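Notes follow once the structure below has been shown.
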Amino acid sequence: MEGAKRQSLEEDTEGQATHTGPKGVINDWRKFKLESEDSNSFPPSKKEILRQMSSPQSRDDKDSKERFSRKMSIQEYELIHREKEDESCLRKYRRQCMQDMHQKLSFGPRYGFVYELESGEQFLETIEKEQKIITIIVHIYEDGIKGCDALNSSLICLAAEYPTVKFCKIKACNTGAGDRFSSDVLPTLLVYKGGELISNFISVAEQFAEEFFTGDVESFLNEYGLLPETEMHVLEQSNMEEDME
């Protein structure tokens, strides 16, 4: 009996018996049975059953693989979740930048419409007493002059789109210097900032086509850097950057 046990231990040391415990002994026996019996004496179906019985997949192995699969799934989930968090943080940062830009654009007084100036004194007061950071665009016009009505309509739209710019209009005859603003130089645009004249466009309608619209006037003023960035433009720029990513 002791010799048999010693022989079993020797076989285990040499690698021929690879299982331990009651289940391991049974599996070793099944494997030995399959190898020692005459293979021709078993039908194919029984041989396959014995082969599967001699090398079964233990429950521990299945549990280990399931745990590994679950672990990988959790890791993948955490990675995706972390990427979403990063995107969320980036969006929050951009929103904060948008708010900061909005505050900068909103700094100072807001107008939103075209002021009608009634006299030369009101004209001078508007230029001299307005805050130095404010751009003032004054349209000098007369009724019945070609291009004046179209320009007034365009400025009404631009005043709503650029509320931090002060748009004004005054009839040439009310400026106190009507002889300087004859019909030959109308419509005229004067642009002031900090009490100083920074741009002067006489007969400005000649810069446009026979029929012109708000976009034409806006592009013209932007060419000379006389309009600030609009809040909508900043928002569209941010959305374009997000779409590119």
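Predicted, not measured: the structure shown is a model, and the values here were computed from it. We count residues from 1, following the sequence as given.
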Please examine the side chains of [Y] and [X], heavy atoms only from C-beta on, and report whether any two atoms are closer than 4.5 Å.
X      : Y      : answer
Leu186 : Ser203 : no
Pro187 : Val204 : yes
Lys146 : Glu210 : yes
Glu142 : Cys173 : yes

Is it the case that Tyr162 and Glu218 place a side-chain donor and acceptor less than 3.5 Å from each other?
yes
So how far is it from [X] [atom1] to [Y] [atom2], rounded to the nearest 0.5 Å?
X      : Y      : atom1 : atom2 : value
Leu221 : Ser199 : CG    : OG    : 9.0 Å
Phe167 : Asn152 : CZ    : CG    : 12.0 Å
Thr135 : Glu130 : OG1   : CD    : 10.5 Å
Asp143 : Cys148 : CG    : SG    : 8.0 Å
Glu196 : Lys132 : CD    : NZ    : 9.5 Å
Phe123 : Asn174 : CZ    : CG    : 12.0 Å

Just wondering, more than 12 heavy atoms not from Ile202 lying within 6.0 Å of its CD1?
no
Going by the side chain to side chain contact (heavy atoms under 4.5 Å, CB included) test, name the single residue among Val191, Leu190, Leu189 that passes it with Asn200.
Leu190
Member of Ile137, Ile127, Ile134, Val138 meeting the side chain to side chain contact (heavy atoms under 4.5 Å, CB included) criterion with Lys166:
Ile134
Taking all non-hydrogen atoms of both residues into account, name the closest pair between Val185 and Arg180 and its distance.
CG2-O, 4.0 Å
How close do Val165 and Pro228 get, counting heavy atoms only, and between which atoms?
CG2-CD, 3.6 Å
Under 3.5 Å donor-acceptor, [X] side chain and [Y] backbone:
X      : Y      : value
Ser219 : Asp216 : no
Ser119 : Gln122 : yes
Thr175 : Ala172 : yes
Ser183 : Ile145 : no

Cluster overlap Leu226 with Phe213, hydrophobic side-chain contacts below 4.5 Å:
no
Verify same cluster id: Tyr192, Tyr141 (apolar side-chain graph, 4.5 Å):
no
Please step through side-chain contact (heavy atoms from CB on, under 4.5 Å) for the pair Thr164 and Arg110, ending with a clear verdict.
CA-CA 5 Å; Thr164 60; Arg110 298 173 72 85; 4.2 Å; yes
Using the ring-ring contact (aromatic ring centres under 6.0 Å, His included) criterion, which residues pair with Phe220? Sequence neighbours excluded.
Phe201, Phe208, Tyr224
Quick one: is the NZ or CZ of Lys169 closer than 6.0 Å to the six-membered ring centre of Tyr115, and within 45° of its axis?
no
